[in-house]
Structures are given as C-alpha cells and as structure tokens.
Amino acid sequence: MKSYEDLDIYKISLSLFYEVHPASLLLPKYELYELGSQLRRSSDSVNSNIVEGYGRKRYKADFIKFLVYSHSSCLETKGHLLKIKNLYVGLIPEIERYINDYDILGAKIFNFIKYVENNWQT
C-alpha cells in the first residue's frame, strides 16, 4: 500500500462521512448544534484518525493508537445514529443503512487493528 487512500477502511469511512454529514443537517434546528454536531464530528473523526495514524505508521504503537481512536469514533457515530433513529423516527430515510454500514466498518477497522498488531513491520 502506497498511501492511506489505498485502505478500504479509509475509503468506506470517507464515503460514509460524505453521506452522514448532509443527513445530519435534516435534524431540527435546535439539534443542529447538539446531536447533529456530535454526529458530524464523530463521523469525521473515524476518517481523520485513520489518516493521522497512517501518517505515524513508522511507529507501530502510534498507528494502532489512532486506529483504536478511529474504531471508538465509529462506535460513537453508530450511537448517535441510534439516538436520532429513536428520537426522530423517519427523519433520515437511510439511517438503518448508515447504522449497518458503521457496524461493518467497525468490524473492518477492528480486523485491521489486529492485522497491524500481528504483521506490521516498520
């Protein structure tokens, strides 16, 4: 792999960010800067931590640390989506798919962490 852009977890997380960001803007005005902002930031964090971790790939422990941050942000994003699903039923038509996609992404990040732990050589 030549770049973080070659990682499936990067591609998937960026694509999901681009979908979830505008969807978060459908929330009622009073939620745009509360739950909506948290959703946008956590979704962005999934992707950003993959990029930052890759930038530190020379240091295996740092790479793993940022991948763990990414995984945690993935779980946080799913949690925000679940809250929105239950608080604002039907507001975001694709919310079930987003929740499922973040589940799948979380598993992929977890598996990549295991790969780095067991196989990464600087």
How long is the straight-line distance from [atom2] of [Y] back to [atom1] of [X], given to the nearest 0.5 Å?
{"X": "Leu91", "Y": "Glu31", "atom1": "CG", "atom2": "CD", "result": "10.0 Å"}
{"X": "Leu67", "Y": "Glu117", "atom1": "CG", "atom2": "CD", "result": "9.5 Å"}
{"X": "Leu16", "Y": "Ser43", "atom1": "CG", "atom2": "OG", "result": "6.5 Å"}

So, the side chain of [X] versus the backbone of [Y]: is there a donor-acceptor pair under 3.5 Å, distance only?
{"X": "Asp62", "Y": "Tyr59", "value": "no"}
{"X": "Ser15", "Y": "Lys11", "value": "no"}
{"X": "Trp120", "Y": "Ile113", "value": "no"}

[X] and [Y]: which non-hydrogen atoms are nearest, and at how many Å?
{"X": "Cys74", "Y": "Ile109", "value": "CB-CD1, 4.4 Å"}
{"X": "Phe17", "Y": "Pro22", "value": "O-CD, 4.4 Å"}
{"X": "Leu39", "Y": "Ser24", "value": "CD2-CB, 3.8 Å"}
{"X": "Tyr102", "Y": "Lys78", "value": "CB-CB, 4.4 Å"}
{"X": "Leu105", "Y": "Ile9", "value": "CD1-O, 3.8 Å"}
{"X": "Leu27", "Y": "Gly36", "value": "CD1-CA, 3.5 Å"}

Next on the checklist: Looking at Glu34, I want to see if its CD is surrounded by more than 12 non-hydrogen atoms of other residues, nucleotides or ligands under 6.0 Å.
Outcome noted: no
Next on the checklist: For Phe110, is the CZ atom crowded, meaning more than 12 foreign heavy atoms sit under 6.0 Å from it?
Outcome noted: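 For Phe110, atom CZ is not crowded (no more than 12 foreign heavy atoms under 6.0 Å).
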Next on the checklist: Please verify the inter-ring angle class for Phe66 with Tyr69; under 30° counts as parallel, over 60° as perpendicular, anything in between as tilted.
Outcome noted: perpendicular
Checklist entry - Where does the angle between the aromatic ring planes of Phe63 and Phe112 fall among parallel (under 30°), tilted (30 to 60°) and perpendicular (over 60°)? => result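 The arrangement is perpendicular - the two ring planes meet at more than 60°.
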Item to check | Ser70 versus Asn49, side-chain donor and acceptor atoms under 3.5 Å | outcome: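 Result is no, nothing qualifies.
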Next on the checklist: For a quick check under 3.5 Å, do Ser45 and Arg41 share a side-chain donor-acceptor pair by atom type?
Outcome noted: no
Checklist entry - In chain order, what residues pass the side-chain contact (heavy atoms from CB on, under 4.5 Å) check against Asn100, with sequence neighbours excluded? => result Ile104
Item to check | side-chain contact (heavy atoms from CB on, under 4.5 Å) partners for Tyr30, two or more places apart | outcome: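 Only Pro28, Tyr88 meet the side-chain contact (heavy atoms from CB on, under 4.5 Å) criterion with Tyr30.
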Quick one, [X] and [Y] - any side-chain contact, counting heavy atoms below 4.5 Å?
{"X": "Glu96", "Y": "Lys85", "value": "yes"}
{"X": "Tyr54", "Y": "Tyr10", "value": "no"}
{"X": "Ile12", "Y": "Leu7", "value": "no"}
{"X": "His80", "Y": "Ser42", "value": "yes"}
{"X": "Arg40", "Y": "Leu25", "value": "yes"}
{"X": "His71", "Y": "Leu75", "value": "yes"}
{"X": "Thr77", "Y": "Tyr98", "value": "no"}

Checklist entry - Do the side chains of Leu87 and Val89 join up, straight or via other hydrophobic residues, at under 4.5 Å, putting them in one cluster? => result no
Checklist entry - Do the charged groups of Arg97 and Asp101 touch, with an N to O distance under 4.0 Å? => result yes
